[in-house]
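Following: one structure in structure tokens, then a few remarks.
Note that this is a predicted model, so its numbers are computed, not measured.
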Amino acid sequence: MAEHRVVPEHEVKAWLAGWGVAVPRGAAVAAPGEIPEAAADLEPPLVVKAYGPGLVHKSDRGAVRLDLPDAAAARAAAERMAARLDPAGFLVEEQAPPGVELIIGAVRDPVFGPVVLAGLGGVWTEALADTAVRLAPLTERDASEMLRGLRGAPLLTGGRGHPGVDLDALTRLLMTLAGPGGALATLGDTYTEFELNPVIATPHGAIAADARLITAPSPGGAAPETGRASDFRTLFHPRKVAVAGASVRNPGFGNLFLGFYRETGVPVVAVHPDADEIDGVPAVRDLAAAGADYALVAVPAERCAAVVASGGTPFVQVMSGGFGEAGESGLEEGLVAAARRAGSRLLGPNCMGVYCPSGRQTFLGGGPGRPGRIAVVSQSGGMAGEIIKVGERRGLAFSKVATVGNSADVTPAELVRYLADDPDTAVLGLYLEDPRDGRGLYEALRATAGRLPAVALVGGRSTQGRAAAVSHTGGMTGDTRVWDAVAAQAGLALVHTQDDLIGALDALDLHAHRDVSGGGNPEGAVGRDAPGRDKARDGILVIGPSGGASVLAADAFDRTGAVLPALPEACLGDLRALGLGAGSSLANPLEIPAGPRGRPDLVRTAVTAITAHAPMPDVVCHLNAQSFFTYGHSAEALQAYAHQIGALQDALPRTRVTFVLRNAECAPPGVEDAARAVARGHGVPLYRSMESAAAALAAVAHVTRAR
């Protein structure tokens with residue numbers, strides 16, 4: 001089997017020069033004695049580098065010498081290297097002029113394919129790890145954002161007496177390498193790692209002072225099949241369902257699902273080799289006799305392929321585990337082959353199934369909830385069940401939920417493409433671990449950016465890892481960084497907990513459709529100002545009781561990069577006329593006396609006074625439930641505030657109003673639910689903490705910018 005090859009640096013630079021990339025003038029020689037002739041036309045100072053097997057990290061091996069005054073010094077340096085390193089040859093070249101050192105590299109990610117990295121290079125590469133990652137091919141916007149988003153961007157733009165570098169030249173270099181049809185694209189899948197470190201940027205251009213390319217043999221053969229086209233309507237709206245795995249003697253999951261489907265009212269039939277009836281449901285011998293659109297298979301893993309092959313059911317969901325996730329790849333491949341022979345699309349294995357209230361599809365007891373606009377694709381059935389049940393408890397309603405488990409056939413990418421055009425779906429949530437067709441998923445998400453708001457929780461980002469990489473680039477494009485790149489380029493919001501995923505779905509369901517582009521952002525904003533941030537869509541006004549809670553609220557929103565603008569001077573008189581600011585300054589967050597003995601309309605009146613002078617994209621109204629039941633005993637007082645917050649949303653349709661009910665556990669049973677129902681009735685999501693609200697609004701801001 002062919003091995004990976006470290007391409008000699010002079011070969012890489014010759015290839016780059018053919019693409020118009022600036023590289024130092026130089027020549028390769030086999031022995032030190034050839035250097036004087038090779039360097040005769042080169043301008044000192046000179047650089048000598050040894051190359052050959054084992055000399056990947058040349059600086060670490062002492063295989064690089066800089067600042068050599070002439071060819072004789074270059075020859076002497078090469079002779080000393082030859083005595084220690086046994087190299088295959090030497091590269092002698094002109095030393096690049098001083099400037100800002102950067103790293104530009106690429107790797108082939110095992111899930112998402114070609115990934116590009118740019119950042120501060122040279123000695124700073126590992127010390128600062130100030131890099132940006134994007135998936136190739138890049139757009140010019142991607143390339144520009146990578147450079148301008150670095151913490152060290154001021155080194156590139158200039159300041160404190162230092163001129164800026166030629167950013168256009170750096171952008172062109174990135175596009176030449178990783179843009180559509182660029183140099184890396186011509187390599188196809190034959191490279192594993194590519195790196196220029198350093199690229200030296202000056203006000204007059206950029207030159208690749210060092211280059212590394214590691215190639216691998218092409219895998220050859222046909223590309224793996226990542227899913228066949230399907231109309232998934234039947235998956236979510238089956239006319240008849242078959243369940244294989246129910247028992248007449250030892251009831252298990254199959255029996256449980258027979259009960260679930262009987263409860264929804266969808267026609268259901270059991271599949272059993274001997275029985276004529278199970279739990280009052282008629283039974284047939286195999287799937288061919290079932291005549292179903294959808295079949296759930298819950299038999300032991302080794303029997304699944306035979307069951308699936310027994311009939312041409314359009315969609316077959318294998319609930320059973322013990323396949324690829326347990327190391328039984330051969331068993332999983334046999335299952336996929338059986339489904340393809342039968343003409344079936346396979347969901348799973350190792351998944352719970354499908355939930356669609358309008359289609360009477362379910363994998364949960366208690367009957368389906370009301371149909372809604374939120375769709376979810378999850379690689380975990382348990383996680384999907386929690387999202388549905390907790391979400392419905394909070395007032396969310398779902399259009400379609402699909403669990404895909406190992407995604408051996410039907411992939412998340414296929415379902416995302418389908419849901420993007422589903423008229424019943426307005427918001428998409430994802431729980432992913434290994435999306436299988438990662439490139440297809442990225443392309444599907446990028447195609448839907450701006451029209452289908454999407455948020456994802458990715459499990460295992462901190463533990464997934466890849467084989468040890470040779471280059472700095474390979475070591476710094478880990479799973480977390482790649483998912484961040486997917487989010488940046490595809491308009492996908494990322495969250496870190498299940499609760500934040502549910503909270504983001506809630507906010508997107510109620511707020512993603514709002515046009516807040518008319519929102520203002522006065523000077524004096526508090527919060528991080530990330531490059532490319534659209535301040536008009538990120539300004540947040542926080543209003544509620546307690547100075548301490550307001551300070552912590554500002555911290556919570558600042559951690560997400562949100563901006564809390566200063567209040568406009570023009571509104572301060574109006575606020576003082578309302579009795580606010582006595583003995584304290586008026587600021588954002590705005591502290592107001594909101595409690596059981598306060599004026600419920602004060603929140604709405606104060607916000608209206610502010611937004612009359614400076615429209616705010618987001619307003620977060622918070623109350624302390626504990627105070628309502630410590631200093632007062634009336635749930636009606638709290639409900640009055642909820643109604644006023646809802647009325648505020650009605651009055652400000654181009655503002656996203658969010659309600660935070662802190663310490664909700666201090667309220668009597670049912671009070672929080674009643675407040676949430678009132679708020680949601682007006683299109684206002686309710687959260688229990690500032691942190692939850694901040695995470696949800698960060699997701700909304702991210703997908704809004706994707707428009």
Between [X] and [Y], is there a side-chain N and carboxylate O pair less than 4.0 Å apart?
X	Y	value
D276	R285	yes
D618	R656	yes
D509	R680	yes
D231	R345	no
R394	D506	no

Which heavy-atom pair separates [X] from [Y] by the least distance, and what is that distance?
X	Y	answer
A275	A283	O-CB, 3.4 Å
A295	L287	CB-CD2, 3.7 Å
G321	N350	CA-OD1, 4.1 Å
W483	L492	CZ3-CD2, 4.4 Å
A454	L445	CB-CD2, 4.3 Å
Y294	P238	CB-CB, 3.9 Å

Over 60° means perpendicular and under 30° means parallel, so tell me whether Y418 and F232 are parallel, tilted or perpendicular. perpendicular

If I take atom [atom1] from residue [X] and atom [atom2] from residue [Y], how far apart are they, to the nearest 0.5 angstrom?
X	Y	atom1	atom2	result
L697	H511	CG	NE2	7.0 Å
E325	C351	CD	SG	10.5 Å
L505	D500	CG	CG	11.0 Å
I502	I388	CD1	CD1	10.0 Å
L441	R439	CG	CZ	11.0 Å
S378	E433	OG	CD	7.5 Å

Closer than 3.5 angstrom, by distance alone: can the side chain of [X] be matched with the main-chain N or O of [Y] as a donor-acceptor pair?
X	Y	value
S344	T313	yes
E414	T411	yes
Q379	G405	yes
S399	T425	no
E332	G324	yes
T658	P685	no
H272	V248	no
D109	F112	yes
D279	V281	no
S320	V299	yes

Taking C-beta and beyond as the side chain, do [X] and [Y] meet within less than 4.5 Å on heavy atoms?
X	Y	result
Q361	Y261	yes
R662	V660	yes
F257	M319	yes
R676	R393	no
V271	V243	no
K400	C356	yes
R360	P267	yes
I278	N255	yes

For R373 and V427, run side-chain contact (heavy atoms from CB on, under 4.5 Å): C-alpha distance rounded to whole Å, both residues' side-chain angles, the deciding distance at 0.1 Å, then the answer. CA-CA 6 Å; R373 301 175 297 189; V427 176; 5.7 Å; no

Side chain to side chain donor-acceptor pair (under 3.5 Å) between Q498 and Y431, worked out: CA-CA 9 Å; Q498 174 192 298; Y431 174 75; over 6 Å; no

If the condition is side chain to side chain contact (heavy atoms under 4.5 Å, CB included), which residues does P273 pass it with, not counting sequence neighbours? none

Qualifying residues under side chain to side chain contact (heavy atoms under 4.5 Å, CB included), relative to A444, sequence neighbours excluded: V416, R417

L135/V482 under side-chain contact (heavy atoms from CB on, under 4.5 Å): CA gap, chis, key distance, verdict: CA-CA 8 Å; L135 275 63; V482 175; 4.1 Å; yes

Under the criterion side-chain contact (heavy atoms from CB on, under 4.5 Å), I'd like the reasoning laid out for D409 against L347: C-alpha separation, chi angles, the key distance, then a yes or no. CA-CA 7 Å; D409 180 27; L347 206 66; over 6 Å; no

More than 12 non-hydrogen atoms from neighbouring residues, nucleotides or ligands closer than 6.0 Å to CZ on R233, yes or no? no

For R108 and D189, run salt bridge (charged side-chain N to carboxylate O under 4.0 Å, His left out): C-alpha distance rounded to whole Å, both residues' side-chain angles, the deciding distance at 0.1 Å, then the answer. CA-CA 8 Å; R108 293 194 63 81; D189 55 9; 5.6 Å; no

Determine the sole option in V307, L296, V308 for which the side-chain contact (heavy atoms from CB on, under 4.5 Å) test with V318 is passed. V308

Distance-only polar pair, side chains of D142 and Q489, donor-acceptor under 3.5 Å: yes

I'd like to know whether V336 forms a side-chain contact (heavy atoms from CB on, under 4.5 Å) with E333, so could you lay out the CA-CA distance, the side-chain angles of the two residues, the decisive distance to 0.1 Å, and finally the verdict. CA-CA 5 Å; V336 173; E333 291 167 358; 5.8 Å; no

ring-ring contact (aromatic ring centres under 6.0 Å, His included) contacts touching residues 658-687 (sequence neighbours left out): none

